[in-house]
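These notes concern the structure reproduced below.
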2 protein chains.
Amino acid sequence: MSDPSTSRPARGRPPRLDQARTVETALALLNDAGLDALTMRRLAEAMGVQAGALYRYFRTKEDLLTAMAERMMAGVRGPAGGADWRDRLSGLAGALRQALLAHRDGARVFAGTHSTGPGTLGFAEACTGVLRDAGFSDADAARAVMAVVHFTVGHTLEEQAALRPDGDSPADPEVLREAVASGAYPHLTAALPTLAEPDYTPHFDFGLALLVAGLEALRRPHP
Amino acid sequence: MSDPSTSRPARGRPPRLDQARTVETALALLNDAGLDALTMRRLAEAMGVQAGALYRYFRTKEDLLTAMAERMMAGVRGPAGGADWRDRLSGLAGALRQALLAHRDGARVFAGTHSTGPGTLGFAEACTGVLRDAGFSDADAARAVMAVVHFTVGHTLEEQAALRPDGDSPADPEVLREAVASGAYPHLTAALPTLAEPDYTPHFDFGLALLVAGLEALRRPHP
DNA sequence: ACCTGAACACCGTTCAAGT
DNA sequence: ACCTGAACACCGTTCAAGT
């Protein structure tokens, strides 16, 4: 029952690779080049190794991406325990958004994987705890956490997609402005100034406030 | 100013390919094999043509995926105009979810593209119209539509990911059950029966109701 | 005008062989 | 035990040449 990380005799040459350093390098490569350019070969090159060597530490590329998502979730914390449940939940959702924004294509990596590591589960545990402690039922707390996470991921997916314009085709708000100029979309025309806003934080805060207000209404059914 | 679809002399051999049929075939292939197996070569084979020929109709694979997303959005309608704004908005969000669920990996295709076609814009116009007609400000209507769409996409992404289990690794709820059994996640343990629920419709309805209730609260600030 | 055939520059993954 | 080298079975995309 000895801890292998301290007691293993380290027979043979010390490895040039390990999971943690590889994940860290992969996240750096992600930031530099984006998800589409993150290939096993390029990652191997960054580690000074052949591509095949990576498969001693990750069964598939998907496993690597899952480890990257788990690493992004490690250390995602909301405000301290004293705060109001509304602020704690909003804080956790905001911290999730920031964690995804911290790496290029972070939301895409997160949405494309299903980590069950301590970072991811700890975050879900914290969110659920805030709502259960606030008096919500187990089922309502579970569903509310799902709603908040799904909204946050959906929002950040869009935010990061808008963050890096297409290169060849014109930016999204431009196309929208043009299409709307035909006069066929009067409501979108009115909404355009807000839709074309480059700062996504107010959009996120608005949606999150909607969810929180909805939860509040759940507890005071008769206004 | 003649309509080219009727007046073009059709010189040369009639084309064996066209955009609409190709998109239709691609959506069928998507349903059969999933997004990862939808390659230009396989699509070409299904159309009885070489892969290079597709590039006469779609500049890139991304253009094809965008056309597929636009096709999925065509004909997405909510309930008729008489209904209450709450029901109309919920109906539109539900119709969006159903449109994404109608094709395997539909949410992934939608989230990965940015159609500015009439189907997509028409849907956004309808959503915005419901809220503006209900008296919400242009900015609130715009942000509320974004929140509803982002929640719906995030939710359906998860729903479709859960829909087809991994093959090799055990299903997600199973892993969750195991991790939670360690006792380190008391709140998740309580939430587990709901989180592991295979029917996602109640989860969707709950999140959507939260957003709608939040919008209601926006109009009656003092309960 | 429309499509073929063949190529280019890549992928993820596997595995015998070296050290 | 750890990594190399080389291969396998693919990709998206381009483009001269055929019809």
Side-chain angles (χ1 to χ4, degrees), chain A residues 4-23 25-26 29-30 32-68 105 108-109 112-113 166-169, chain B residues 4-23 25-26 29-30 32-68 105 108-109 112-113 166-169:
Chain A
S5 72
T6 60
S7 74
R8 194 166 35 186
R11 210 158 16 210
R13 255 163 288 304
R16 293 149 61 193
L17 241 39
D18 68 273
Q19 279 214 86
R21 270 189 57 244
T22 307
V23 168
T25 308
L29 194 55
L30 182 69
D32 288 348
L35 182 56
D36 294 335
L38 175 66
T39 69
M40 295 304 265
R41 286 169 204 264
R42 274 207 257 254
L43 175 58
E45 189 187 24
M47 306 286 296
V49 104
Q50 295 295 317
L54 295 172
Y55 288 84
R56 207 160 276 281
Y57 299 89
F58 302 94
R59 212 173 44 74
T60 61
K61 185 181 183 179
E62 225 211 273
D63 278 16
L64 168 70
L65 290 168
T66 302
M68 291 168 67
D105 293 329
R108 260 172 82 195
V109 171
T113 56
D166 244 354
D168 32 88
S169 70
Chain B
S5 71
T6 60
S7 74
R8 194 167 35 187
R11 216 166 3 218
R13 257 163 286 304
R16 293 150 59 193
L17 242 40
D18 68 272
Q19 280 214 87
R21 271 188 56 244
T22 306
V23 168
T25 307
L29 195 54
L30 182 68
D32 287 349
L35 182 55
D36 295 334
L38 176 65
T39 69
M40 296 302 265
R41 287 170 204 265
R42 274 207 256 256
L43 175 57
E45 189 187 24
M47 306 285 296
V49 107
Q50 294 294 319
L54 295 171
Y55 289 82
R56 210 159 273 281
Y57 298 89
F58 302 94
R59 213 172 44 75
T60 61
K61 185 181 183 180
E62 225 211 272
D63 278 15
L64 167 69
L65 290 168
T66 302
M68 290 168 68
D105 292 329
R108 262 171 82 196
V109 171
T113 57
D166 245 355
D168 32 89
S169 69

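Naming: A, B, ... by sequence-line order, numbering from 1 per chain.
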Exercise for the section: Give, for atom CG of B:L54 and atom NZ of B:K61, the distance between the pair rounded to the nearest 0.5 Å. Expected result: 11.0 Å
Practice task
Return one dot-bracket line describing DNA chain C 5' to 3' (Watson-Crick or G-U wobble pairs, both distances under 3.5 Å; ( ) same strand, [ ] crossing, | another strand, . none).
Solution key: ||.|||||...|||||.||
Handout entry: Heavy-atom protein contacts under 4.0 Å, nucleotides 3-15 of chain C, coded B base, S sugar-phosphate only, - none
Key = BBS-B---BBBB-
Exercise for the section: Write down the atom of B:V23, the atom of B:L64, and the distance for their closest heavy-atom approach. Expected result: CG2-CD1, 4.5 Å
Practice task
Tell me, please, which residues at least two apart from A:R41 pass side chain to side chain donor-acceptor pair (under 3.5 Å).
Solution key: none
Fill in the blank from the handout: Those residues at least two apart in sequence (or on a different chain) that pass salt bridge (Lys or Arg N to Asp or Glu O under 4.0 Å) with B:D32 are none
Exercise for the section: Could you name each residue pair satisfying side-chain hydrogen bond (donor to acceptor under 3.5 Å, both in side chains) that touches residues 43-57 of chain B, not counting sequence neighbours? Expected result: none
Handout entry: Pairing residues for B:R21 by the side chain to side chain donor-acceptor pair (under 3.5 Å) criterion, not counting sequence neighbours
Key = none
Handout entry: Nearest-0.5 Å distance, CZ of residue B:R108 to CG of residue B:L65
Key = 10.5 Å
